[in-house]
Chemist: 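Got a structure for you, written out below as structure tokens; questions coming shortly.
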Amino acid sequence: MTSETSLDEDGAGAGAPPGRQRPPGDRVALRGDLRSALPDATAAVMVTSLVFALLWARMESGTSDTVAIMPFMDDARTYWMYLLSQAFGWSGLLWAWGTVMLGLLLSGPRPARLPVSRQVLERWHRTTSLTTMALMFAHALMFSAELVRYETKVDWAERLWVGFADSFVPGWYDSGTGRIAIPIGQGALYLAIPLGLLFYVRHRIGANTWRRLHRFVIVVYVLSVWHTLLYGTNVWYGEWPRTVLWLLQLPVAALLLLRLLRPARRAERLRSPSEGAARPGWWVRAAGRAVAGAVAIGLVIVVASGRDGGRDRPTHPPATAPHTPETD
């Protein structure tokens with residue numbers, strides 16, 4: 001999830017003196033970024049705690065959308081691990097939004113003036129990426145812990161397996177919307193970790209290979225938002241929280257489109273075939289720009305029309321559990 005403009009065509013730092021290259025992104029660099037990520041991770045824990053407190057208070061006051069969808073969960077003291085999983089999920093999505101915005105800002109048209117140096121922005125991008133991966137894993141881990149707690153009628157070994165499989169094995173969870181939403185979230189997690197950490201071994205795989213793989217980070221973000229829209233009970237209904245989530249995607253789409261239309265690297269600019277550009281590559285780049293433009297227009301239509309896929313709040317909420325406890 002690091003910036004594509006950290007290296008030029010030959011793998012040298014853009015600001016490095018001629019004839020010199022940046023130190024390779026080895027384990028020392030990862031350790032350094034992990035140390036630099038401590039303030040960022042601390043802020044993430046604080047935000048997660050605030051979200052957890054809000055979710056707890058809403059459940060206690062009877063205004064929780066989660067309880068409206070699953071009335072059997074109307075007990076914050078029993079289902080606190082589920083609430084903590086939700087809190088990690090929301091802070092993880094917020095951090096993912098931030099790191100993607102930083103990455104697009106760094107790899108698109110370079111602003112004439114920045115509030116901080118480019119090196120600081122790149123470090124923020126790397127540290128928020130590491131924090132995002134940790135939050136995503138914590139989200140899945142707490143969901144697994146809640147499932148272990150829930151399966152009370154089988155022995156501990158089977159409870160641990162059920163919790164692990166339902167949370168981390170694609171296609172295993174077989175209840176309701178989760179049959180689609182959970183594999184989507186798992187896909188985001190399993191792509192985020194290698195794509196984020198590849199930066200630290202780019203000197204081994206080659207800068208160009210790393211750069212090509214790094215472009216799939218936007219897929220991680222799309223999967224994360226999709227997972228939230230499908231399975232986030234706090235944005236389940238077609239009300240303002242869901243609208244705000246859609247609104248937050250507008251600047252991402254705008255920066256992505258701008259980054260494709262005016263990339264920082266000359267090699268990625270859309271030259272016509274008559275200027276020497278290969279025809280297959282030209283069509284791929286042109287199609288990418290067209291898709292990004294269509295997505296941006298679609299987001300504007302969704303937000304303006306209010307037709308964002310939200311469900312109507314039922315008069316009589318369902319009373320069934322999303323996952324039946326295992327029995328002997």
Chemist: Please determine, by modelled atom types, if Tyr221 and Gln249 share a side-chain donor-acceptor pair under 3.5 angstrom.
Modeler: yes
Chemist: About how many Å separate CG of Leu54 and CE of Met59, when rounded to the nearest 0.5 Å?
Modeler: 11.5 Å
Chemist: Using the six-membered ring wherever Trp is involved, compare the ring planes of Phe137 and Phe168 and label them parallel, tilted or perpendicular (cut-offs 30° and 60°).
Modeler: tilted
Chemist: Please check this pair: side chain of Thr99 against backbone of Ala96, looking for a donor-acceptor N/O pair closer than 3.5 Å.
Modeler: no
Chemist: Tell me whether the rings of His125 and His214 are parallel (<30°), tilted (30 to 60°) or perpendicular (>60°).
Modeler: perpendicular
Chemist: So, does Ser61 use its side chain to make a donor-acceptor pair with the main chain of Ala57 at under 3.5 Å?
Modeler: yes
Chemist: For the atom pair OG (Ser36) and CZ (Arg126), what is the distance rounded to the nearest 0.5 Å?
Modeler: 7.5 Å
Chemist: Which atom names give the shortest non-hydrogen contact between Val148 and Trp156, and what distance separates them?
Modeler: CG1-CZ3, 3.5 Å
Chemist: Tell me whether Arg307 contacts the main-chain N or O of Val302 through its side chain, where contact means a donor paired with an acceptor under 3.5 Å.
Modeler: no
Chemist: Has Trp236 got a side-chain atom pairing as donor or acceptor with Arg311's backbone, closer than 3.5 angstrom?
Modeler: no
Chemist: Has the side chain of Ser144 got a donor or acceptor atom that lies under 3.5 Å from a matching backbone atom of Gly163?
Modeler: yes
Chemist: So with a 6.0 Å cut-off around CZ of Arg313, is the heavy-atom count from everything else above 12?
Modeler: yes
Chemist: Which pairs with one or both residues in residues 42-56 pass salt bridge (Lys or Arg N to Asp or Glu O under 4.0 Å), sequence neighbours excluded?
Modeler: none
Chemist: Where is the tightest heavy-atom contact between Leu260 and Gly288, given as atom of each residue plus distance?
Modeler: CD1-O, 3.7 Å
Chemist: Can you measure from CZ (Arg58) to CG (Asn234) and round to the nearest 0.5 angstrom?
Modeler: 7.0 Å
Chemist: Is there a donor-acceptor pair under 3.5 Å between the side chain of Arg118 and the backbone N or O of Leu106?
Modeler: yes
Chemist: What residues form a salt bridge (Lys or Arg N to Asp or Glu O under 4.0 Å) with Arg149, not counting sequence neighbours?
Modeler: Glu146
Chemist: Under a 3.5 Å distance rule, please check whether Asp155 uses its side chain to pair with a backbone N or O of Glu158 as donor and acceptor.
Modeler: yes
Chemist: So, using side-chain contact (heavy atoms from CB on, under 4.5 Å) as the criterion, who are the partners of Ile184 when residues are at least two apart?
Modeler: Ile180, Leu223, Trp226, His227, Leu230
Chemist: Between the main-chain N or O of Leu299 and the side-chain N or O of Trp246, is there a donor-acceptor pair closer than 3.5 Å?
Modeler: no
Chemist: Describe, in one word, how the ring planes of Tyr150 and Tyr79 are oriented to each other, choosing from parallel (under 30°), tilted (30 to 60°) and perpendicular (over 60°).
Modeler: tilted
Chemist: Return yes if some donor-acceptor pair links the side-chain N/O of Arg179 with the main-chain N/O of Gly171 below 3.5 Å, else return no.
Modeler: no
Chemist: Determine, for Arg77 against Glu60, whether the closest basic-nitrogen to carboxylate-oxygen distance falls under 4.0 angstrom.
Modeler: yes
Chemist: Are the aromatic ring centres of Trp161 and Trp172 under 6.0 angstrom apart?
Modeler: yes
Chemist: How long is the span from the CZ atom in Arg202 to the OG1 atom in Thr209, to the nearest 0.5 Å?
Modeler: 13.0 Å
Chemist: Is the backbone N or O of Val220 less than 3.5 Å from a side-chain atom of Ser224, with the two atoms forming a donor-acceptor pair by type?
Modeler: yes
Chemist: Would you say Trp124 and Asp40 are linked by a side-chain donor-acceptor pair, where the criterion is simply a distance under 3.5 Å?
Modeler: no
Chemist: Looking only at side chains, do Thr233 and Gln86 share a donor and an acceptor under 3.5 Å apart?
Modeler: yes
Chemist: Are side-chain heavy atoms of Ile182 and Thr177 found at a separation under 4.5 Å?
Modeler: no
